[in-house]
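One structure is given below, encoded as structure tokens.
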There are 4 protein chains.
Amino acid sequence: MATNATKPQSRAKGLETAGRVRKAALKRFAGAGYAAVSMREIATDVGVRPGALYNHFPTKQDILKDLMLSHMTDLLRAWDAAVFAQDTDPLECFVRFHIRYHLERADEVFISYMELRNLEPENFAVIEAERRRYEAILTDILEKGAASGRYAVEDARVATRAIIAMLTGIPTWYREGGHLSEQQIEDLYLNMVRKAVAPIAINSQRETG
Amino acid sequence: MATNATKPQSRAKGLETAGRVRKAALKRFAGAGYAAVSMREIATDVGVRPGALYNHFPTKQDILKDLMLSHMTDLLRAWDAAVFAQDTDPLECFVRFHIRYHLERADEVFISYMELRNLEPENFAVIEAERRRYEAILTDILEKGAASGRYAVEDARVATRAIIAMLTGIPTWYREGGHLSEQQIEDLYLNMVRKAVAPIAINSQRETG
Amino acid sequence: MATNATKPQSRAKGLETAGRVRKAALKRFAGAGYAAVSMREIATDVGVRPGALYNHFPTKQDILKDLMLSHMTDLLRAWDAAVFAQDTDPLECFVRFHIRYHLERADEVFISYMELRNLEPENFAVIEAERRRYEAILTDILEKGAASGRYAVEDARVATRAIIAMLTGIPTWYREGGHLSEQQIEDLYLNMVRKAVAPIAINSQRETG
Amino acid sequence: MATNATKPQSRAKGLETAGRVRKAALKRFAGAGYAAVSMREIATDVGVRPGALYNHFPTKQDILKDLMLSHMTDLLRAWDAAVFAQDTDPLECFVRFHIRYHLERADEVFISYMELRNLEPENFAVIEAERRRYEAILTDILEKGAASGRYAVEDARVATRAIIAMLTGIPTWYREGGHLSEQQIEDLYLNMVRKAVAPIAINSQRETG
DNA sequence: TATGAATGAGGGTTCATTCAT
DNA sequence: TATGAATGAACCCTCATTCAT
């Protein structure tokens, strides 16, 4: 870009290195877990000596925090930016969005759920707040739907957790090229979610017996 | 006890120490993650010097494998031993069993899902096989129910994963003494699961518009 | 033996175990070096737990000392017991005896030369005294032969060391079934030794030019 | 120095540290044996913390390999560089060279013979190849001398081993300031070696009786 | 911005040895 | 005599991080 042309090359190189650090750390953390990954490994992936990492991130913990926080903000921003046909069911929007976004970012999703405990308390609080904001989106949809009679959920917070757990589990087993396309996955899960919150009565075994 | 009278005390002491190692490791692994826990910490918890741990487990990895494998075998055995009223819906049996069992054993469940990647390949294969056996129970219930028309699931394997992910997420947020009793949790989730696999049609937004 | 018949079996078993410990330690020390061998390895070879070794030898060091000391005393006793044709050259006797004895006991010889430094000072002094006694045998032969004019050695102590170093090196490369028989080795070395101490003049290069 | 002026100081410091590691390890390995020396001891000698050693040598084994390999290559290079009066007997050249070189480097020689078994197989093969190259020098001298009738050796390979064992034993007992000068040692051994391979007949005891 | 050297702490594991049984 | 459990010290090595260059 023209705006970059006048910047010293080292700045640009540094930004690029920071990006490579993020990328390498993401892959490693997702694969082996934060605690099992060493700064040396990340440095090797980046093609740099360990000491150089500290020009870009003050500590290893900061790399983790950076990855998790930017995942959450990207996620929320992506939801805000997502556009659906005007008359689409909000629940359908959310389910399809969640599945798509998470399937495309398996590594980020994975560390966001697995490495929470490796965040120092301060960082944990920040991430958790973002996560609650995201969950609130679904809770809100469910509550509004329940109020309108479209959905039947006894406890929207519990239903939110149930649905998100169900959806977020997909990337742990879904593989591209498997016997189901991403579209089919979306449809299958959407159907299950809809039924799960649908205002229908299920007769228990005892009652039918 | 009379049955212990003839055994040398050292043997009994050893068994007890091994048990304490398991217990301490379980708590630590669940709390901080396998990679972040040191043998020294476990030894301190047990009240023993680090070297003594190696009288009971050849490596740290073996402690993890022991915990994960015994969790899976206990789980399967518990299912086999579980007795329900004869005419109870099998799906209800499974859901209630799963929730109860997992809520009582939050630590075991947690490490069983979190530490899979820290298992050496050989051990991973063993655990995975057990896990698949457990999932097969639910898949079987769903397939039989679908065949009889009681349930409508397009893909029993996918539905199995969806349901188990949903249920297994409970211990991550459920706390005793919260605003929901365990019984209420069971009922709420059972209802959602039943509806999710019920043979009903959901009208999409577009169709109703 | 009749005298053993009345002894408790445990005594006999203990003696047998001690012998197995010696044998296992000898093989291990020769193969890997005293410092690199653990009591656990020896115990495993013997088919016993590590603690049991201490019923037979008070420390690891004592096993080494036992092996080295008994090797030296056996060697000296064997020399005393060796019988040669009355008119055989004493140097030939010594050379043939040394080669034979050492080729038959490669492990003992090896550790006797390699593990000297791992002996605690007290034990070292004992072994060294025995070694000097053995070397004195050859020195004496050389000195007597020099006095009688049969040999020409300028310094019998130096010649002793030279010859013993030469002979003791054999087991490091000699393998049974190689292209030379033990008998041929003996003859070759005896010839070299004899010539080396023979009362002959060697013309230097310059003088012959 | 002008040549160093452009090098960063840290690089120079590192090279110096590596040299100090080599020196300390050499002394320690020679004194107590590879297996009995700890990295902590070496670090203490060098004046550095144990971890710093790993900036210069990847493992303890690599220090040993470095010492043994450089000893062998130095030895071979020194032989190539050694210059003797043109008409000097090659055997004399070799004997004098070997004694001088080995007396000046008692520690290197010692570990080169004692620590062979502590080399991992791969490293062992490398060192052994160098050793054979060195022995081949003497074998060649003996074979050429035998062909010309100057020497009588029945088996040049065996004679090589005998002579080298004899000469290499010197540093184990020779002490500067003893009753023999290095020059006298050379002369004494040279004389013995020459006679040992001289084309003379020795009458056996029986034949003279 | 990147390097190579160094630190100080700590990692998993093994050691020779002791001791009650 | 042999065992299994335990000790206390030490092992080699790796860690995240610092810093002069």
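Quantities reported herein were computed from a predicted structural model and do not represent experimental measurements.
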With a non-hydrogen cut-off below 4.0 angstrom, is D:Val46 in contact with a base, only sugar-phosphate, or nothing? nothing
How close or far is atom P of E:dG11 from atom OH of B:Tyr34, stated in whole angstroms? 13 Å
Would you say B:Arg49 places a side-chain N or O within less than 4.0 Å of OP1 or OP2 belonging to F:dA6? no
Residue C:Asn55, side-chain atoms from C-beta onward, closest of F:dT1, E:dT7, F:dT17: F:dT1
Position toward the 5' end of DNA chain E (nearest nucleotide), D:Leu53 or B:Gly51: D:Leu53
Which one, E:dT13, F:dT1, F:dC15, comes nearest to the side chain of A:Ser38? F:dC15
So do the side chains of A:Phe29 and A:Met68 get within less than 4.5 Å of each other, counting heavy atoms only? no
Check ion pair B:Asp45-B:Arg28 (N to O, under 4.0 angstrom): yes
Please figure out whether C:Pro58 or B:Pro50 has its closest DNA chain E nucleotide nearer the 5' end. B:Pro50
To the nearest angstrom, how far is B:Asp62 atom CG from E:dG12 atom C1'? 13 Å
Whichever of B:Val48 and D:Val37 has the more 5' nearest nucleotide on DNA chain F, that residue is B:Val48
In whole angstrom, give the distance that lies between atom CZ of D:Phe29 and atom C1' of F:dC12. 12 Å
DNA chain E in dot-bracket, Watson-Crick or G-U pairs under 3.5 Å, [ ] crossing, | other strand? .||||||||||||||||||||
Are D:His56 and E:dG4 close enough that a side-chain N or O sits under 4.0 Å from OP1 or OP2? no
Nearest-Å distance for atom pair CZ/P, residues B:Phe57 and F:dG4: 16 Å
For C:Ser112 versus C:Arg131, what's the shortest heavy-atom pair and its separation? O-NH2, 2.9 Å
Quick check: closest heavy atoms across A:Thr73 and A:Glu130, and the distance to 0.1 Å? CG2-OE1, 3.7 Å
If the cut-off is 4.0 Å, is C:Thr17 near the phosphate of F:dA2, judged by side-chain N/O to OP1 or OP2? yes
Using a strict cut-off of less than 4.0 Å between a Lys/Arg side-chain nitrogen and an Asp/Glu carboxylate oxygen, indicate whether B:Glu115 and B:Lys60 qualify as a salt bridge. no
Which nucleotide in F:dA2, E:dG12, E:dA16 has an atom nearest any side-chain atom of B:Lys60: E:dG12
Which nucleotide wins on minimum distance to the side chain of B:Tyr54, given the candidates E:dT14, F:dT17, F:dA6? E:dT14
Nearest-Å distance, CZ (C:Arg20) to P (F:dT1)? 14 Å
Return yes if the base of F:dA10 and the side-chain atoms of D:Arg40 contain a donor-acceptor N/O pair under 3.5 Å, otherwise no. no
Which atom of B:Ile127 lies closest to which atom of B:Leu116, heavy atoms considered: CG2-CD2, 4.0 Å
Please give, in whole Å, the distance from F:dG4 P to B:Glu16 CD? 18 Å
Round to the nearest Å and state the distance from B:Ile63 atom CD1 to E:dG11 atom P. 14 Å
Between B:Met39 (CE) and E:dC15 (P), how many Å, whole number? 15 Å
Nearest to the side chain of C:Thr59, heavy atoms from C-beta on, is which of E:dT3, E:dG12, E:dT17? E:dT17
Testing the basics here: between B:Met114 and A:Tyr113, what is the closest heavy-atom pair and its distance to 0.1 Å? CE-O, 4.3 Å
I need the C:Leu26 CG to C:Ile63 CD1 distance, nearest 0.5 Å. 11.5 Å
